[in-house]
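Below, chains carry the letters A, B, ... as their sequence lines are ordered, and counting in each starts from 1.
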Amino acid sequence: MLGGPEAEAFRARPAVTGCAIILRSHIGHKRADRKLSANADDRLDHVKRSPPMCGRYRLTRRRLAEIEQYYGIDDTAGLEVCERQFNIPPREMAPIVLGAKGRRRLMAGLWSLMPPWAEALEHVNKVSTFNAKAETLLQRPSFRNAFLKRRCLVPAEAFYEWVGPKGKKQPLNIARRDGKLLSMAGLFSFWKPASSKGRPLLTFTVVTITPNRWMSRIHDRMPVLLQDDEVDVWLNPAVSDPDRPGSFLKAPPEDFLESHAVDKNLLNSGLIDAPECAADTGVDYEPLLRTRA
DNA sequence: CCAGACGTTGTT
DNA sequence: GTCTGG
DNA sequence: CCAGACGTTGTT
DNA sequence: GTCTGG
């Protein structure tokens with residue numbers, strides 16, 4: 001797997017882009033239909049549209065071999081469309097681990113879950129679906145069936161989180177203390193427009209939970225980070241405790257993670273995808289952390 | 001019943 | 001498709 | 001997630 | 001303020 005042709009394709013991404021660019025050109029192309037829902041949106045004053053958490057992370061190609069080894073991947077597909085590595089934002093393509101039928105596949109997916117009834121990719125510009133709250137997975141039409149039947153892993157070297165007041169936001173790199181890969185709990189779907197005869201688009205979301213004590217200094221949500229022995233259970237719903245399907249949706253141990261400051265000029269815009277995004281700037285962010293109640 | 005939403009969490 | 005709001 | 005834009009026409 | 005783009 002280490003030096004296979006697909007691995008090569010993954011490393012040497014083509015100059016001419018694939019789906020990602022096509023997707024981007026589709027998303028946001030049509031805006032006329034927003035007028036139709038404007039009145040309805042105005043009435044939803046209890047549903048605020050705001051940025052969710054866990055909205056940026058890192059997964060680099062140089063660790064592909066480790067990814068394959070760590071998850072026991074026996075097949076990879078379409079990874080060349082994953083353009084981002086060091087600074088991956090929502091609605092970009094990124095690799096996820098599917099565990100269907102005992103096989104572990106690493107496939108490129110769009111970071112924003114498309115529900116089956118969505119008519120067009122613009123859906124993800126109207127309804128935020130790149131995070132899903134663990135507490136309400138069974139209640140949300142957008143996530144319920146995916147939670148019951150279509151779970152995945154979202155592998156990450158680190159995720160980024162911001163601390164401090166608006167205008168002075170300081171990004172932090174949050175990773176495992178032991179240096180291993182993070183396994184964020186995810187849900188996936190294969191989506192295509194009703195009229196389309198093309199190949200469906202794989203899409204995914206990252207499940208979030210209330211944070212542990214360590215993480216609560218930084219934020220009031222965190223991604224569900226599966227422990228090594230929870231990965232199989234998550235991927236295979238049939239094995240999950242049927243009475244408490246979400247019993248392993250919990251925050252990790254207090255000593256699981258570590259953090260360091262990263263360059264806000266590189267991270268904040270979302271445009272830059274460079275190796276330096278991971279570098280510790282040495283900035284003292286302690287004063288920016290939340291004071292616990 | 002029909003119409004319309006369907007989602008996240010920060011900040012003041 | 002399924003749920004909520006009216 | 002944050003940064004940065006924020007617009008129009010017609011027609012079926 | 002709210003949406004899109006990356």
Side-chain angles (χ1 to χ4, degrees), chain A residues 17 20-21 23-58 82-94 110-119 121-146 148-149 156 158-174 187 189 191 194 205-211 218-223 262-274 277 290:
Chain A
T17 60
I21 289 296
L23 290 169
R24 218 173 287 133
S25 68
H26 280 288
I27 295 173
H29 180 58
K30 293 182 180 176
R31 326 179 175 176
D33 48 354
R34 187 173 318 120
K35 288 173 187 169
L36 298 173
S37 59
N39 289 337
D41 285 349
D42 291 342
R43 274 185 269 117
L44 289 175
D45 47 15
H46 63 291
V47 180
K48 300 287 190 207
R49 293 172 178 238
S50 309
M53 92 84 48
C54 195
R56 212 78 77 75
Y57 71 99
R58 181 171 74 254
C82 300
E83 301 188 324
R84 296 305 208 91
Q85 302 185 65
F86 303 95
N87 189 5
I88 304 172
R91 299 188 294 278
E92 289 285 342
M93 302 291 287
L110 180 76
W111 185 13
S112 275
L113 192 77
M114 289 289 284
W117 61 83
E119 294 181 358
L121 282 169
E122 288 86 339
H123 182 83
V124 301
N125 282 344
K126 302 186 187 111
V127 182
S128 175
T129 59
F130 57 91
N131 284 163
K133 288 183 75 171
E135 298 90 330
T136 53
L137 289 176
L138 289 171
Q139 298 157 29
R140 297 281 180 263
S142 292
F143 302 131
R144 181 184 154 89
N145 286 338
L148 294 174
K149 297 184 291 195
F159 62 95
Y160 302 108
E161 199 55 61
W162 278 258
V163 291
K166 193 168 61 175
K168 298 178 184 173
K169 286 189 175 269
Q170 169 63 54
L172 303 182
N173 182 98
I174 301 170
L187 312 176
S189 73
W191 174 87
T205 189
V206 172
V207 180
T208 69
I209 191 81
T210 53
I218 297 169
H219 207 74
D220 59 3
R221 302 293 296 172
M222 71 185 301
V262 287
D263 189 337
K264 67 178 68 169
N265 294 319
L266 296 177
L267 272 298
N268 286 12
S269 83
L271 290 168
I272 298 171
D273 189 59
C277 287
R290 299 165 167 223

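On a pure distance criterion of 3.5 Å, a polar donor-acceptor pair joins the side chain of A/Arg91 and the base of E/dG5. Not a single donor-acceptor contact under 3.5 angstrom links the side-chain atoms of A/Trp162 to the base of D/dC2.
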#### Entry: Verdict with reasoning, A/Arg91 to A/Asn125, per side-chain contact (heavy atoms from CB on, under 4.5 Å)
CA-CA 9 Å; A/Arg91 299 188 294 278; A/Asn125 282 344; 3.5 Å; yes
### Task
Mind running side-chain contact (heavy atoms from CB on, under 4.5 Å) on A/Leu148 and A/Leu138 for me, showing each step along the way?
CA-CA 8 Å; A/Leu148 294 174; A/Leu138 289 171; 3.8 Å; yes
### Task
List the steps and the verdict of side-chain contact (heavy atoms from CB on, under 4.5 Å) for A/Val124 and A/Phe130.
CA-CA 8 Å; A/Val124 301; A/Phe130 57 91; over 6 Å; no
#### Entry: Verdict with supporting geometry, A/Arg58 and A/Ile88, side-chain contact (heavy atoms from CB on, under 4.5 Å)
CA-CA 6 Å; A/Arg58 181 171 74 254; A/Ile88 304 172; 6.0 Å; no
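Atom pair A/Leu121:CG and E/dT4:C1' shows a separation of 14 Å (rounding to whole Å applied). One can place CZ of A/Arg56 at 8 Å from C1' of E/dG6, the figure rounded to the nearest angstrom. Atoms CD1 (A/Ile218) and P (B/dT9) sit 16 Å apart, rounded to a whole Å. Atoms CD1 (A/Ile272) and C1' (D/dG4) sit 14 Å apart, rounded to a whole Å. Separating the CH2 atom of A/Trp117 from the C1' atom of B/dG7 is a distance of 10 Å, rounded to the nearest angstrom. Remark: P of C/dG1 and CZ of A/Arg144 are 16 Å apart, rounded to the nearest angstrom. When the C1' atom of D/dC2 is taken as reference, atom CD of A/Gln170 falls 13 Å away, rounded to whole Å. Put simply, CG on A/Asn125 is 14 Å from C1' on D/dA5, counting in whole angstrom units.
Between B/dT11 and A/Lys169, a contact under 4.0 Å exists linking OP1 or OP2 to a side-chain N or O. One finds a side-chain N or O of A/Ser142 lying less than 4.0 angstrom from the OP1 or OP2 phosphate oxygen of B/dG7. Within the structure, every side-chain polar atom (N or O) of A/Arg140 is placed at least 4.0 Å from both OP1 and OP2 of B/dC6. Checking the phosphate oxygens (OP1, OP2) of E/dG6, no side-chain nitrogen or oxygen of A/Ser269 falls inside 4.0 Å. Remark: A/Lys133 is in phosphate contact with B/dT9, judged by side-chain N or O atoms under 4.0 Å from OP1 or OP2.
In this structure, A/Thr205 reaches neither bases nor backbone, as no heavy-atom distance under 4.0 Å exists between it and the strands shown. Base contact: A/Pro89 has a heavy atom under 4.0 Å from a base atom. At a threshold of 4.0 angstrom between heavy atoms, the contacts of A/Asp220 are confined to the sugar-phosphate backbone, with no base atom among them.
Closest to the side chain of A/His219, from the set E/dG6, C/dT2, B/dG10, is B/dG10. Looking at the side chain of A/Arg290, the nearest of the listed nucleotides E/dG6, B/dG7, B/dG10 is B/dG10. If you check E/dG6, B/dT8, B/dT9 against the side chain of A/Leu271, the one that comes closest is E/dG6. Residue A/Val127 places its side chain closer to B/dG7 than to any other of B/dG7, B/dT9, D/dC2. Each of D/dA3, B/dT8, E/dG6 was ranked by its minimum atom distance to the side chain of A/Pro90; first place goes to E/dG6. In the set E/dG6, B/dT8, D/dA3, B/dT8 carries the atom at the smallest distance from any side-chain atom of A/Phe143. Among B/dG10, E/dG6, B/dG7, the nucleotide with an atom closest to any side-chain atom of A/Pro141 is B/dG7.
A distance of 7.0 Å separates SG of A/Cys54 from CD of A/Glu161, quoted to the nearest 0.5 Å. The line from NE2 of A/His123 to CH2 of A/Trp191 is 10.0 Å long, rounded to the nearest 0.5 Å.
Using atom P as the reference point in both B/dG7 and D/dA3, the two lie 28 Å apart (nearest Å). To the nearest whole angstrom, the two C1' atoms, one in B/dT8 and one in D/dC2, are 15 Å apart. Distance noted for atom P between B/dT12 and E/dT2: 16 Å (whole Å). To the nearest whole angstrom, the two P atoms, one in B/dC6 and one in E/dG6, are 26 Å apart.
Other residues, nucleotides and ligands contribute over 12 non-hydrogen atoms within 6.0 Å of the CD atom of A/Gln139.
Residue ring and nucleobase are not stacked for A/Phe130 and B/dT8 under a centre distance beneath 5.5 angstrom and an angle between planes beneath 30°.
The partner of D/dC6, taking Watson-Crick or G-U wobble pairs whose two distances both stay under 3.5 Å, is E/dG1.
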